[in-house]
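All remarks here apply to the structure that follows.
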Protein chains: 2
Amino acid sequence: MTQKLLAGSFQLMKSLNRSLILNTIRTEGPISRAEIAKLTKLTPPTVSNIVKELIDSDIVIESNQGESRGGRKPTMLVINGKNFFVIGIEVSPASIYSVITNLNAKIIDSVSIDIHHPITNESLLSFLSKSVKQLLDKNNWINREHILGIGVAMHGIVDIENGISIYAPGLKLRNIPIKEHLESEFNLTVKVDNDANSMALGEAWFGHGYDIGDFVCVNVGQGIGAGIIINGKLLHGNEFLSGEIGHMTIDIDGPKCSCGNYGCLEALAAGPYLAERAKKQLAMGEKSMLIHMTGHNLDKLTGELIYEAASQGDPFSINVLKETGKYLGIGLSNLIHTINPSCIIMGGGVTKSGHILLDSLKETIKQRGLTEQAKSTQVMLTKLGDQAAVIGAVCLVLVELFFTQSPQTSII
Amino acid sequence: MTQKLLAGSFQLMKSLNRSLILNTIRTEGPISRAEIAKLTKLTPPTVSNIVKELIDSDIVIESNQGESRGGRKPTMLVINGKNFFVIGIEVSPASIYSVITNLNAKIIDSVSIDIHHPITNESLLSFLSKSVKQLLDKNNWINREHILGIGVAMHGIVDIENGISIYAPGLKLRNIPIKEHLESEFNLTVKVDNDANSMALGEAWFGHGYDIGDFVCVNVGQGIGAGIIINGKLLHGNEFLSGEIGHMTIDIDGPKCSCGNYGCLEALAAGPYLAERAKKQLAMGEKSMLIHMTGHNLDKLTGELIYEAASQGDPFSINVLKETGKYLGIGLSNLIHTINPSCIIMGGGVTKSGHILLDSLKETIKQRGLTEQAKSTQVMLTKLGDQAAVIGAVCLVLVELFFTQSPQTSII
DNA sequence: GAACTTTATTAATTAATTTTATTTACTTTC
DNA sequence: GAAAGTAAATAAAATTAATTAATAAAGTTC
């Protein structure tokens with residue numbers, strides 16, 4: 001199919017300009033009407049008219065007066081960020097972490113609930129409700145009408161159209177109707193997406209992806225997933241499966257993965273498998289301070305312990321991390337040669353592994369890149385750190401507010 | 001960066017509708033004004049006005065009258081396809097194949113020039129000019145004013161903005177200024193893109209991708225490349241490197257590739273490497289009718305010969321193809337788990353290998369897919385066959401004509 | 001304090017759609 | 001075979017939201 005085309009209409013024209021001005025204020029504000037006109041190439045009256053509507057609908061407010069540059073002082077405009085709120089939830093295999101933020105994604109309060117396994121769909125949903133209720137109760141000074149929605153970052157495969165978690169391997173659950181449940185419970189708009197996708201969105205709005213149009217955010221922790229941003233938008237693929245790079249084969253004869261195949265990136269580089277690999281090598285007689293650190297009980301070995309030993313100079317652990325960096329580097333090279341992002345942002349547990357793994361990873365990309373540009377693809381850690389996914393969940397709601405070209409997007 | 005927004009204006013509104021109507025006529029024509037209004041949800045007067053302009057600019061013509069459905073007969077509209085022409089060129093390592101087509105991409109005439117190695121940038125450019133001149137001379141009944149542009153499908157890495165072939169491994173050339181050269185020589189718009197991208201575009205416009213928004217076209221021949229279509233548009237990546245899946249590592253300890261790395265998909269599944277692998281196995285004493293077919297000179301072994309022997313039932317060759325199918329299947333699985341296309345279209349030399357390779361490839365995808373949907377991703381051969389790339393080259397020009405939202409896109 | 005600048009708004013104009021009405025050309029029905 | 005009905009296409013008027021031009025407001029500069 002060739003590209004889809006919109007029909008032009010007065011409504012479309014207006015809503016395009018409305019979004020354009022709203023987003024210019026969001027990203028450039030505080031900014032004057034005159035400056036908006038210059039940046040967007042719209043005419044001053046058009047800007048004035050639309051700004052008036054935005055102020056009427058309470059999403060934009062006039063702030064202080066700016067400095068004169070040889071004439072009348074400009075009136076600065078900003079998003080009315082502090083009076084409206086969004087709830088973001090990150091569901092990881094071990095816990096439910098929920099936050100309430102203002103429109104600038106500044107976290108006002110948070111609650112965390114541990115998940116005990118095994119768990120059922122019903123109890124997960126009730127934990128989600130409980131988590132939201134706690135946030136609302138703790139912050140009952142917030143006008144319920146001023147809460148714009150709930151965003152949920154869920155690990156695994158998510159049907160974003162219906163807000164259903166199709167498969168959550170970390171919880172061993174399937175087909176959880178998150179959107180339906182939360183919407184009926186709280187009468188708020190609910191958006192659900194995959195955790196890596198959410199992280200990517202968070203970085204695009206408030207992190208290192210702020211002025212990059214095409215990038216990938218790779219989440220390396222219990223599993224490995226990627227959020228792919230193309231032209232400032234998330235790529236979801238035909239069946240919500242895009243970015244499942246944990247199950248990219250990079251070594252046909254490699255170790256067995258939980259998915260049943262052999263040599264998946266995840267089985268070579270994700271936290272639990274990393275520990276598994278080290279365990280095998282130690283069992284075969286390799287020396288390492290890890291043996292002492294685990295009290296001679298190798299079942300206690302985790303990725304985190306290996307990070308720690310490596311930072312203390314343990315040669316065995318350093319080598320394990322170097323190997324892991326190489327595997328990840330190969331996975332990322334494959335990504336570079338497939339979608340060629342301008343930058344790769346790393347998030348998840350791996351961000352705590354220090355420079356050894358990262359250096360090895362960068363070295364591998366340099367070695368494997370097909371061209372100079374590929375070799376020098378930038379790799380960096382998330383700016384939002386542990387908050388990337390939950391901030392991303394908040395952004396799922398913000399996208400609707402700022403980019404849905406509907407003139408009715410009055411906040412109240 | 002968050003998504004980019006257009007500024008709304010009367011011009012935009014008009015040109016969106018112009019494109020919408022033009023493409024509705026292209027894809028649905030012959031079609032009446034009334035039917036266009038229904039399909040596009042534009043009002044009848046809007047359609048009438050714009051159609052009048054399209055007819056004035058000669059890109060649309062009224063054809064016969066349609067059947068009445070209980071009232072006035074509709075006047076059917078079609079693209080004035082037969083009076084305008086596009087030149088398409090495919091530059092492969094061995095030859096330059098050029099065609100002239102009408103707007104329906106129907107080939108009117110073609111010329112082919114063999115390339116003898118080694119070759120320089122200058123002589124390649126002069127061959128390109130010669131090729132176009134031959135086409136023009138052979139078809140001098142065609143009004144030069146009615147030729148809309150030249151599209152070039154070039155193997156390797158292409159800077160599509162400047163129309164420069166950055167690296168053409170099959171010719172061992174770099175930085176060939178194709179667009180600049182041909183534009184100054186013929187005073188026609190010139191578009192250059194990678195061969196796999198062109199194939200994908202050709203299939204999107206006139207092949208199996210006709211009603212699919214997201215798909216991938218994989219070209220397996222001397223090398224392996226993919227053209228990725230997302231939302232009906234080609235993905236080029238940050239440095240024109242997207243789709244270079246030939247250099248995706250699928251076997252860390254695999255054979256050495258021309259790029260210097262080990263275990264690239266290309267080094268396991270592309271034509272020349274396929275022959276290489278078979279040669280090694282035969283040299284080690286394996287039995288096969290290939291030994292007879294090459295007259296005991298294994299240096300004559302090619303991918304094509306292996307296809308032929310396999311189709312005659314040679315067990316050794318069948319096994320080689322099965323292996324190759326498995327490797328390709330792994331590469332495609334990686335693609336499915338990264339961008340999750342709704343369908344994969346195979347083109348290039350591999351299309352001649354028969355069902356053995358393809359069955360093995362499909363089997364591998366079924367085995368490796370993470371979900372039922374991934375497992376059942378459709379794989380098919382190009383509809384346009386050997387013409388896919390050159391028709392795609394033509395489409396590079398058609399994209400400009402049909403999708404550039406400029407009111408001045410008067411053909412003449 | 002007169003002249004100039006920048007910001008913002010108002011009024012008039014313009015472009016393109018939409019709505020409503022009309023014409024054209026056919027089919028159906030009595 | 002004339003009247004009634006229906007669909008296609010166009011014409012005229014109304015509407016929308018932009019652009020252009022003019023003006024007001026609030027400064028700065030010399």
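In this structure, A/E35 atom CD and C/dT7 atom P are separated by 8 Å, rounded to whole Å. Nucleotide C/dT10 holds its P atom 9 Å from the CG atom of A/N49, rounded to whole Å. Between A/M13 atom CE and C/dA16 atom C1' there is a gap of 7 Å when expressed in whole angstrom units. The separation between A/L77 atom CG and C/dT7 atom C1' is 12 Å, rounded to whole Å. Taking atom CZ on B/F10 and atom P on C/dT14, their separation rounds to 12 Å, with Å as the unit. Rounded to whole Å, the distance from NZ on B/K41 to P on C/dT18 is 13 Å. The interatomic distance linking B/I50 (CD1) with C/dA15 (C1') rounds to 12 Å, in whole Å.
The phosphate of C/dA16 (OP1 or OP2) has no side-chain N or O of B/T46 nearer than 4.0 angstrom. For A/S48, a side-chain nitrogen or oxygen approaches OP1 or OP2 of C/dT9 to under 4.0 Å. Within the structure, every side-chain polar atom (N or O) of B/S68 is placed at least 4.0 Å from both OP1 and OP2 of C/dC26. Between A/N17 and D/dA17 there is no side-chain polar atom (N or O) within less than 4.0 angstrom of OP1 or OP2. Between A/R72 and D/dT28 there is no side-chain polar atom (N or O) within less than 4.0 angstrom of OP1 or OP2. Remark: B/S9 is not in phosphate contact with D/dT19, judged by side-chain N or O atoms under 4.0 Å from OP1 or OP2.
Across A/L182 and A/V152, no two heavy atoms sit closer than the pair CD1-CG2, 4.1 Å.
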Would you mind writing out the side-chain donor-acceptor pairs for residues 37-47 of chain A within the sub-3.5 Å range, not counting sequence neighbours?
{"residue": "A/T40", "atom": "OG1", "partner": "A/I36", "partner atom": "O", "Å": "2.7"}
{"residue": "A/T40", "atom": "OG1", "partner": "A/L42", "partner atom": "N", "Å": "3.2"}
{"residue": "A/T43", "atom": "OG1", "partner": "A/T46", "partner atom": "OG1", "Å": "2.9"}

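Residue A/F84 forms a side-chain contact (heavy atoms from CB on, under 4.5 Å) with just one option from A/D58, A/I59, A/L401, and that option is A/D58. Each of A/I31, A/V60, A/I61 was compared with A/V78 under the side-chain contact (heavy atoms from CB on, under 4.5 Å) criterion, and only A/I61 meets it.
Comparing C/dC26, C/dT7, D/dA17 by their nearest atom to the side chain of A/K14 picks out D/dA17. In the set C/dT18, D/dA17, D/dT20, D/dT20 carries the atom at the smallest distance from any side-chain atom of A/P45. Listed nucleotides: D/dA9, C/dT9, C/dC26. Nearest to the side chain of A/P44: C/dT9.
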